[in-house]
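Worth saying up front: this structure is predicted, and the values here are computed from it rather than measured.
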Amino acid sequence: MTRTRDDDACPGALTVHQAADGALVRVRLPGGMITPAQLTALAEVAEQLGSPAMELTSRGNIQIRALTDTGAVAAALSDAGLLPSPTHERARNIVASPLSGRSGGIVDIRPMVAELDQAIQADPALAGLPGRFWFSLDDGRGDVSGIDADAGVHALDDGSCALLLAGRDTGVRLDPSEAVDTLTRVARRFVDIRGKAWRINELDDHAVLLHGMTVAAPAGATWPPTVKPPVGWIEQRDALVTLGAAVPLGVLQARVAHFLAAIESPLVITPWRSVLVCDVSEGAADTSLRVLAPMGLVFDENSPWLRVSACTGSPGCAKSTADVRADAADAVDAPTETHRHFVGCERACGSPPAGDVLVATEDGYRLRITPP
């Protein structure tokens, strides 16, 4: 399936989207990684220049809505180090295993995130990547390989990496040192041949992107999608603690963000619209839990909030026919085993890779059926 629109309306920090409630910017966070100072800067932007209700996205980014002075926003983001390349800011779409290097996984993927981000910014051709094209770096646990990124690598037990296109193993095997060069090479080829396609799965033939590469293993393998974030008290291999906080409906209030930043530990925004507070001592983690839990963050892995999500809906989105967030919040009182994603129109923004997508209509909600 190829899109018919020529223009890429995917928002960025500089490519502002005019929503029903005002200007919206989306700040890319490669690997979801953000410092306490940067989160504080975003919270201040949201409080002073827009809506204090910041939105976490399914690619580990942060959106701020209802902005009144986009020039001041851009300046604040630049000062915080969140806009390192004006030409490539929408191309820095990198999702990585959020707990990598701290708990579980085969390899620490974090250095590869930084290397890939720098390689993207250094390549003029990659400024032409559509804003929806994204990369995945999975440390072997399989948490992000199942979200169908355009190009990715998956660490294997034998020390190599599998090259993935559109969420499928291509059969190409790479030394980890080759991963970044290979991913950027695939992305350059996509820019050259994409036509009106915005994603690799919209191409008629993926094989052209593998030109010159050796297929050394069976192709076609996929990984099951992960739909729940890591939450609660997570012990790291260095005896420190990561606190996994689910954010109901992905809406992080600026006031809460200030408290998260005040812990003064590295933070990760996950593809499941949650926050990890990393490298915390046990004492500080215990104190932080007591402070954060009453603010609405969820640390219980069995909470029904982990099985419901929603797009922005009304009144923020002009295309929506309902206040889907309110309806999703009401649905928490009637939990199901299946994840439910409430959307206000057929575009079904932010839909997870598994579960039921419920589309608002004038007569209630209907189950969205996608083609096989």
Set of residues satisfying side chain to side chain donor-acceptor pair (under 3.5 Å) with respect to T312, sequence neighbours excluded: E55, R65

Rounded to the nearest 0.5 angstrom, the CG-CZ distance for D123 and R188 is 5.0 Å

Do C10 and R90 touch side chain to side chain, with heavy atoms closer than 4.5 Å? yes

Distance (rounded to the nearest 0.5 Å) between Q253 CD and L260 CG: 12.0 Å

Tell me yes or no: between the side chains of R59 and N93, is some donor less than 3.5 Å from an acceptor? no

May I ask you to decide if the ring planes of H154 and W223 are parallel, tilted or perpendicular, using 30° and 60° as cut-offs? parallel

Determine whether L243 and L99 fall in the same hydrophobic cluster, where Ile, Leu, Val, Met, Phe, Trp and Tyr are linked whenever their side-chain heavy atoms lie under 4.5 Å apart. no

For R194 and W198 the tightest heavy-atom approach is NH1-CD1, 3.4 Å

Just how far is it from atom OG of S100 to atom CG of D108, taken to the nearest 0.5 Å? 4.5 Å

Can you name the closest pair of heavy atoms from V144 and S136 and give their distance? O-CB, 4.1 Å

So, do F299 and L292 sit near enough that their side-chain heavy atoms are less than 4.5 Å apart? yes

Residue pair P98 / L276: nearest heavy atoms and the distance that separates them: CB-CD1, 3.6 Å

Polar side chain donor-acceptor pair, D158 to S160, under 3.5 angstrom: yes

Would you say Q63 and H17 are linked by a side-chain donor-acceptor pair, where the criterion is simply a distance under 3.5 Å? no

Please report the shortest heavy-atom distance between L156 and R173, naming the atom on each side. CD1-NE, 3.4 Å

What I want to check is whether the side chains of D356 and T338 have a donor and an acceptor closer together than 3.5 Å. no

Check the surroundings of atom CZ in R168: do more than 12 heavy atoms from other residues, nucleotides or ligands lie under 6.0 Å from it? no

Minimal heavy-atom distance between A354 and V227, with the atoms involved, is CB-CG1, 3.8 Å

Salt bridge D286-R290, side-chain N to carboxylate O under 4.0 Å: yes

Nearest non-hydrogen partners of M213 and L163, listed with the distance: SD-CD2, 3.7 Å

Would you mind telling me which of D279, D238, T242 makes a side chain to side chain donor-acceptor pair (under 3.5 Å) with R102? D279

Measuring from I62:CD1 to L39:CG, what's the distance to the nearest 0.5 Å? 5.5 Å

Would you call E346 and R366 a salt bridge, using N to O less than 4.0 angstrom? yes

Could you verify whether a donor N or O on one side chain and an acceptor N or O on the other, from S103 and Q236, lie under 3.5 Å apart? no

Cationic N near anionic O, under 4.0 Å, R199 to D150: yes

Less than 3.5 Å apart, any donor N or O on the side chain of H339 or S309 sitting next to an acceptor on the other? yes

